[in-house]
Amino acid sequence: MDLAGQLTSYLYQYFDNATFLILAALGLILIYGMMGVINMAHGELMMIGAYVATYSYHAGLPIPLAVLCAGIAAGLAGIVMELLIVRHFYNQLLSSLVVTWGLSLVLSQGALLILGPSTLNMPTPLGSFSVGGFSFGVYRMAMTVVAVLLMAGIWILLRWTRFGNQAQATIENPRMAAALGIDTRWIYTTTFAIGAALGGVAGGMLAMTTAVSPFFGQGYTAVAFITVVLGGGANALVGLAVAAGYLSGVQTLLSVMVNQYLGYVSLFAAAFVALLVMPSGISDFLERRRSRKVQR
Amino acid sequence: MQASTLERVVPGVVADVILDVRNVTKHYGGIRALDGLSLQVVRSEIHCVLGPNGAGKSTFFKMLMGTERPTSGSIHYDGRDVTRLQAFERARLGLSVKFQNLRTFGDLTVFQNLFIPLRRTCGPSEIPDRVSEILRQVRLPGVENRLVRHLSHGQQQWLAIAMSVASRPRLLLLDEPTAGLSAEETERTAEIIHEVNSEGMTVVVIEHDMGFIRSLKARTSVLHYGRLFAQGSFDEIAANEHVRQIYLGTE
Amino acid sequence: MEPPQSRIIAALNGPQTLGNSAFFWIFAILVLIVAIFFPFYASRFQVITASNLAISSLLALSLCLIWGYCGILSLGQASFYCVGGYAFGVVGINLIESAGNTNLALIAGIVAPVLLAAVLGWLMFYRRLKGVYVAILMLIVSLLLGLFMRQTADPSYAIGKAALGGMNGLRPESAGDPGIPNITLGFGEAVAVFDGRSAGFYWLVLAILVLVFLGLRWLVNSTYGYILIACREDSERTETFGYDIRLVQLSVFCLSAAIAGLAGTLYTAWGTYIHPDGFSVAPNILVVIWVAVGGRKDLASVIVSTVALGWLSLELSRYGEVSLLVLGLILIFAMMVARDGIVSALGEQIGRLVAARGSRREIVACFKGGRR
């Protein structure tokens, strides 16, 4: 137990917490930022992903493929949700909140009926290494890398692809976009599907670190949402990264100093305080600071 | 200091300034909607504000009413710095606004719509009489129980004006009161504005319609890129070559 | 001068509520009579259940007030309910022996959630937080309170004679101390005890429900009600008419917390039981379902749907754990077909039928203020 090991352990926990927040929030941010819908069923999409990954792993699929299956399954579920229900609630924040909350209830209760209350487990792959007497899982570090890659992927998708350009135009002005010949309905459905698939991938990956049950997702939606909101809309991906960094910093600090429970509570408390200081989120706040500096 | 600002308003005459906007700047992200705007409005006048799209006119009104805060600069109303006051505090000091996009309560009746502004100044028993009086003034008699979203666009415009006039403000801000109105309706709107002005209200009007501004015979300020570009009587403005280039030239 | 009874009726009627006709009031009085005589022809179990449904209706009214009338959606309304319940229990356990009544406990059950609402509301509304953030923050507050209460099994979490008890629920600290008391009103020897399983308790809850309903009807049709509706429709515009909307939102939020707290107090006394699970997702979503399915913009509709859905949940519980699934489906269905609530939509239809058959005078009374 030496100092290097101790420090590595803090750093490891910090990145682990931040990764968790980013993975949970990634799909949500796309849907909220682009369509003005807060998908309260996001946690349940993660739950679907977690089940699919677990079952396909036990059926003999290698882990990357199992995670991919999780993403596809959640994406398909997302398409069904969008076509049947969510499409009627665009840009009606409170109504969409309520209806997707209803969806989350139906999905989790449905899973409870079909799959039963018992939990499933998947072994954590990739083994571990140790520094100064502390042992660290390689898989969790791999998750951090994947989270960063996914963020980069979304950035590239929105910034550099035809779909991204059309999607940006659709958020800016849906009517104008439609007039320019962009199929905005298709854009919405696709965006929702991608957001859902990201949730599924996140769920599939997290399934290897925790037990999977019908209420797997219930805890995630609130955490994911608070990270998204705190990130703000001006530059959503940067906001997300900063928000996750800040929140996991507070959480890690208090978990290490006091206990896990207080770490979790402090995450929300920190988010609450930050939101009161910056009601429109971190990225808007940074943007404004910058413009004030430019003026001086 | 005070005298010199007044000098600038109407040279040689010491005027009574009700609204003094000093060097107001507003940024949205990287965009400067207002860029050091300074402007004075004299008590009891009608004052027109015009400018091409994106010149910052509507932002200017939001700053005045306090629904948004300027990035820098100050706003003085009736000799008092109101820059940091909330919108409701400014309303209580006698400011009132009609927004560009009407902002009437569409799912409520005309009576309910007028109830909200009226209730601040009079008791519930007086309200029915005041409602019919105001509706007569804006040429909308007898529509009390209609749902607002069932009114025609012109009727909604006048209702929106009626709502902002109802609290008897001292400074009335009208953002495009004739948008979407026919020539005849526009004429009536001008009459309404002259009527409330003759009762002592100072009126600031944002407009695009040149004929309408001419009929108001008002002092006119032109905004361009968030700054005061020109000021004078309507005829002076209409004759100004630079204004023509940026604005009238497009007509 | 009008006779006083017609002035009272006039104050209770208005465009902000459905059911302003004589037909509605006669029907309401008939329902009330049936409800009053319920214990004489129903089983003991049915009366106990009816008490619970009336308590749920109170909770639903509290959300209806802020969401339907002022546009503030709270996904954590059950937190006020449970905080009220815990406050009643803690004060009750401590004072029932020395005071002989639960007057103070009852007050604590209302004041504690109001204080919580005042602090949260002040933070949220005075910072002008957006509506969705308020909605979700309230859910998070509820979940965090639940998490806190779950880990209070340790005996050190005790307030006087009351141990918070963690997952066992609130209980007396030692076996000799009294448990959560029944509602006991009065002073000294002259007290009335309302056992949660008795008809007396049912009548008490029914009376409170009727009073709260009438009080809210009066409130939402008063000037204050107009301002609430204006805030719901467009709060920024309302502010530019000179109303301090932060104060309006804060005050109605506190009032709603008081009603929810009262409901929680009655619930705790009803079952002499309060548990951390009350803060979890399920109770919070249930309140939203009752209100959304009934029609958030009308008080009476919300009571009807709460009673109907509460009864349905009980019936469904015979078939295993399907009730939440079914209620979730009903919520989605309601949001798809009648955004403003199924019961409200039906009520408007009935109102139109009655108006078509009734006299012209009634048509005017029904539609004055413009409910379609």
Side-chain angles (χ1 to χ4, degrees), chain A residues 32 36-38 40-41 43 81 84-86 88-89 92-114 117 214-215 218-219 221-226 228-230 259-262 264-269 271-273 275-281, chain C residues 67 71-76 120 122-145 147-148 150-151 232 280-282 284-286 288-289 291-293 296 319-337 339-340:
Chain A
Y32 177 53
V37 166
I38 291 167
M40 292 290 282
M81 275 166 62
L84 288 181
I85 296 162
V86 177
H88 302 288
F89 294 90
Q92 304 169 50
L93 273 174
L94 291 186
S95 292
S96 65
L97 198 64
V98 171
V99 83
T100 54
W101 209 21
L103 263 173
S104 90
L105 187 68
V106 169
L107 289 175
S108 59
Q109 293 291 325
L112 181 66
L113 277 181
I114 298 166
F215 300 106
Q218 216 165 52
T221 309
V223 176
F225 175 78
I226 203 98
V228 168
V229 163
L230 192 58
N259 59 31
Q260 286 274 320
Y261 166 71
L262 218 74
Y264 189 66
V265 171
S266 67
L267 187 157
F268 287 104
F272 202 94
V273 170
L275 256 190
L276 293 176
V277 178
M278 307 171 277
S280 50
Chain C
W67 183 22
I72 304 167
L73 173 57
S74 159
L75 301 186
L120 290 174
W122 183 74
L123 288 171
M124 297 188 300
F125 301 129
Y126 276 69
R127 290 298 304 185
R128 296 177 186 272
L129 227 52
K130 281 190 216 159
V132 262
Y133 298 178
V134 172
I136 306 237
L137 280 178
M138 285 309 300
L139 176 62
I140 290 169
V141 165
S142 187
L143 295 178
L144 286 182
L145 284 172
L147 270 180
F148 172 77
R150 269 160 216 272
Q151 49 89 58
R232 177 189 78 197
S280 62
V281 170
N284 281 307
I285 198 171
L286 269 181
V288 172
I289 292 175
V291 175
V293 172
R296 61 182 193 279
Y319 306 100
E321 308 211 13
V322 292
S323 88
L324 279 175
L325 177 70
V326 173
L327 287 186
L329 289 171
I330 291 178
L331 174 66
I332 295 170
F333 174 75
M335 294 297 288
M336 300 288 285
V337 299
R339 195 69 56 91
D340 285 348

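Within every chain, numbering begins at 1; the chains are lettered A, B, ... in the order of the sequence lines, protein sequences first and strands thereafter.
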Measure distances from A/I226 to the heavy atoms of chain C and classify the residue's part below 4.5 Å as side chain, backbone, both or neither. side chain
If you measure from CG on C/L73 to CG on A/L97, what distance do you get to the nearest 0.5 Å? 6.0 Å
What part of A/L267 gets within 4.5 angstrom of chain C, counting heavy atoms only: side chain, backbone, both, or neither? neither
CH2 of A/W101 to CD1 of C/I289, rounded to nearest 0.5 Å, is 8.5 Å
Using non-hydrogen atoms and a 4.5 Å limit, figure out which bit of C/I140 sits close to chain A: side chain, backbone, both or neither. side chain
Honestly, the part of C/L120 sitting under 4.5 Å from a heavy atom of chain A is side chain
Under 4.5 Å from any heavy atom of chain A - which part of C/L137: side chain
Go through the atoms of A/F215 and report whether side chain, backbone, both or neither lie under 4.5 Å from a heavy atom of chain C. neither
Filter on side chain to side chain donor-acceptor pair (under 3.5 Å), then keep only pairs touching residues 126-140 of chain C, sequence neighbours left out; what's left? B/Q86-C/R128, C/R128-C/E239
C/L325, part contacting chain A, at a heavy-atom distance under 4.5 Å: both
If I measure from the heavy atoms of chain C, does A/L94 come under 4.5 Å with its side chain, its backbone, both, or neither? both
So what's closer than 4.5 Å to chain C heavy atoms on A/L113: side chain, backbone, both or neither? side chain
Counting only non-hydrogen atoms closer than 4.5 Å, does C/V288 touch chain A with its backbone (N, CA, C, O), its side chain (CB onward), both, or neither? side chain
